[in-house]
2 protein chains.
Amino acid sequence: MAFPTARHDHSACIQAALDAAEQECRRRGARLTDTRRIVLELVWESHRPVGAYALLESLGKLGRSAAPPTVYRALDFLLAHGLIHRVASRNGFIGCPHPGHAHGGQILLCTQCGMAAELDDPALDQEIVNSAARLGFSVNRQTIEVEGLCPVCRAQRNSEEEQNYVA
Amino acid sequence: MAFPTARHDHSACIQAALDAAEQECRRRGARLTDTRRIVLELVWESHRPVGAYALLESLGKLGRSAAPPTVYRALDFLLAHGLIHRVASRNGFIGCPHPGHAHGGQILLCTQCGMAAELDDPALDQEIVNSAARLGFSVNRQTIEVEGLCPVCRAQRNSEEEQNYVA
DNA sequence: GGAGGATACGTTATAACATAACGAAACGAA
DNA sequence: TTCGTTTCGTTATGTTATAACGTATCCTCC
């Protein structure tokens with residue numbers, strides 16, 4: 001999934017994710033309860049990794065009394081069914097735009113604006129499997145988190161540099 | 001770096017790491033103080049990721065009074081100079097076998113025995129950079145953590161399966 | 001439609017990981 | 001030796017995650 005543009009229709013974006021989740025849960029015979037759906041929705045509020053305690057606070061504002069285990073249980077469920085990804089390097093979580101479709105988590109993180117996007121490059125997965133195999137290591141799960149600048153922030157930085165140059 | 005075998009000379013292994021660290025610090029004009037060297041040594045005690053609080057406890061057993069900031073400061077120093085890597089998915093740290101030689105952290109983690117090893121595949125780095133570039137993303141730093149089975153544990157598991165088959 | 005097992009949830013407490021802030025000490029160049 | 005910089009000790013606190021236990025809800029089978 002590419003980086004969301006500033007003017008993408010985010011409510012449609014959330015709706016699509018919720019629909020996909022609903023469908024994936026039906027397919028798997030998993031129960032997408034109220035709490036779980038709401039947590040998923042909150043994860044999707046931004047395209048940035050969200051922490052468990054931020055979710056907790058959001059839940060509170062929605063009038064749902066909740067303690068940490070409530071949130072972590074919902075997150076565990078969503079993780080287990082591939083509806084969200086954990087961002088280990090940030091202690092946060094982001095929504096998965098295409099659940100079901102198997103993929104290791106390849107995540108791009110913009111250090112400037114905090115936006116996250118998925119990469120989903122099968123060749124990359126394969127390269128890791130091959131490279132590991134050369135050491136006799138058999139791969140089970142991968143965590144790939146790449147920091148850098150997203151297209152928007154990169155453009156912005158470039159134009160700032162131009163201004164500095166002029167001045 | 002390949003996975004350490006059971007009979008590798010671990011004291012030589014630690015010594016090599018300490019020597020390399022010493023040299024790298026000299027090269028950089030960085031001060032490898034007592035605390036920092038001891039923490040590095042403790043990180044190298046095993047080839048498994050070590051948590052900050054485990055290090056803290058080890059320091060205590062060595063008679064060095066210490067509070068969390070002492071350990072985290074030492075870890076920050078070691079990270080900053082590339083002498084250790086952070087293992088985000090485990091909240092732990094492992095020694096870097098070849099400091100100086102630039103490389104993103106590509107880490108293999110055995111889910112069975114907990115051993116960690118570095119991969120260091122430049123083609124992999126490049127694949128990530130290229131793949132990200134296709135989305136207009138410029139890479140700055142990568143975290144690659146791969147879970148699976150190390151050669152030893154894989155062999156062990158295979159022989160267990162044979163036994164099950166016989167029985 | 002009620003019994004009973006499985007799954008999900010609320011709640012309290014605590015574990016595990018990490019940093020802020022401040023003053024004292026050690027170091028190193030002028 | 002003095003002064004600025006870096007390192008360290010210490011106290012307190014912030015942040016992230018889980019253990020444990022009882023209750024409620026759901027689903028199935030009779």
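Lettering of chains follows the sequences in order, A, B, ..., and the numbering in each one begins at 1.
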Report the residues that fulfil salt bridge (charged side-chain N to carboxylate O under 4.0 Å, His left out) with B/E24, sequence neighbours left out, ordered by chain and then residue number.
B/R27, B/R28

Donor-acceptor contact present, side-chain [X] to main-chain [Y], <3.5 Å:
X	Y	value
A/S58	A/A54	yes
A/Q142	B/V146	no
B/H85	B/F93	no
B/H8	B/T5	yes

In this structure, how many angstroms lie between the [atom2] atom of [N] and the [atom1] atom of [X], rounded?
X	N	atom1	atom2	value
A/L32	D/dC26	CG	P	14 Å
A/L79	D/dT18	CG	P	10 Å
B/L56	C/dA16	CG	C1'	12 Å

Taking the side chain as every heavy atom from C-beta outward, state whether A/L59 and A/I38 have any atom pair closer than 4.5 Å.
yes

Do the side chains of B/C96 and B/E118 get nearer than 4.5 Å, heavy atoms only?
yes

Its contact letters, B for base, S for sugar-phosphate only and - for none at protein heavy atoms under 4.0 Å, make nucleotides 6-17 of chain D read SSBBBB----BB

A/E145/A/R86 ion pair, N-O < 4.0 Å
no

Note the angle between the end axes of the helix from C/dG1-D/dC30 to C/dA30-D/dT1, five pairs defining each, rounded to 10 degrees.
30°

